[in-house]
Amino acid sequence: VYRGKSAPEFFGSYICGDFQSRRIWAITQANRVLTSVTEIGIAPSEIISFAEDHTGELYLVGYGTGLIYRIEFPSSSEHRENLTRPRRKN
């Protein structure tokens with residue numbers, strides 16, 4: 001469940017993805033009824049895991065690359081395929 005501050009329109013959404021297609025969705029529900037399914041992007045690699053940092057921002061782990069990507073939610077002006085960027089090692 002997204003709890004970050006960079007994309008308030010997705011706050012409280014369940015974020016999930018498909019390994020094979022690499023598609024990522026935000027799902028919301030109310031009173032145990034599905035209210036929306038929004039495709040938010042395509043990962044650069046097959047998704048094997050998600051993670052959350054201390055501020056509530058989300059990351060995914062790519063199977064083919066072994067890299068960790070920070071999920072950057074698209075705004076209305078961005079193309080959805082610009083969803084993720086590799087996290088740099090410090």
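Source: prediction; values computed, not measured. Reckoned from all heavy atoms, side chains included, excluding hydrogens, waters and symmetry mates.
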Inset, instruction - Find the distance between CD (Glu52) and CD1 (Ile15) and round it off to the nearest 0.5 Å. - result: 11.0 Å

Inset, instruction - Please check if the side chain of Glu57 supplies one atom and the backbone of Ser6 the other of a donor-acceptor pair under 3.5 Å. - result: yes

Legend entry - CZ on Phe50 to SG on Cys16, rounded to 0.5 Å: 7.0 Å

Legend entry - Distance (rounded to the nearest 0.5 Å) between Phe19 CZ and Ser45 OG: 7.5 Å

Inset, instruction - State whether the side chain of Asn31 and the backbone N or O of Val33 hold a donor-acceptor pair below 3.5 Å, judged by distance alone. - result: no

Legend entry - Validation row, ring centre Tyr2 to ring centre Phe10 under 6.0 Å: no

Legend entry - Spatial distance of atom CZ (Arg3) from atom OG1 (Thr55) [nearest 0.5 Å]: 13.5 Å

Inset, instruction - Take Phe11 and Val1, measure what side-chain contact (heavy atoms from CB on, under 4.5 Å) needs, and give me the verdict at the end. - result: CA-CA 8 Å; Phe11 188 87; Val1 175; over 6 Å; no

Legend entry - Value rounded to 0.5 Å, distance of CD1 in Ile47 from CZ in Arg23: 11.0 Å

Inset, instruction - Take Tyr59 and Ile68, measure what side-chain contact (heavy atoms from CB on, under 4.5 Å) needs, and give me the verdict at the end. - result: CA-CA 7 Å; Tyr59 297 81; Ile68 298 170; 4.0 Å; yes

Inset, instruction - Test Trp25 against Ile40 for side-chain contact (heavy atoms from CB on, under 4.5 Å), laying out the working first. - result: CA-CA 5 Å; Trp25 298 275; Ile40 58 173; 5.8 Å; no

Legend entry - side-chain contact (heavy atoms from CB on, under 4.5 Å) assessment of Ile24 paired with Leu60: CA-CA 10 Å; Ile24 301 172; Leu60 65 83; 3.5 Å; yes

Legend entry - Crowding at OH, Tyr14 (>12 non-hydrogen neighbours, <6.0 Å): no

Legend entry - Contacts of Glu46 that satisfy side chain to side chain donor-acceptor pair (under 3.5 Å) - sequence neighbours left out: none

Legend entry - Thr28 side chain to Ser36 side chain, donor-acceptor N/O pair below 3.5 angstrom: yes

Inset, instruction - Answer yes or no: is there a donor N or O on one side and an acceptor on the other, between the side chain of Thr65 and the main chain of Leu67, under 3.5 Å? - result: yes

Inset, instruction - Working to the nearest 0.5 Å, report the span between CD of Gln29 and CG of Leu34. - result: 8.0 Å

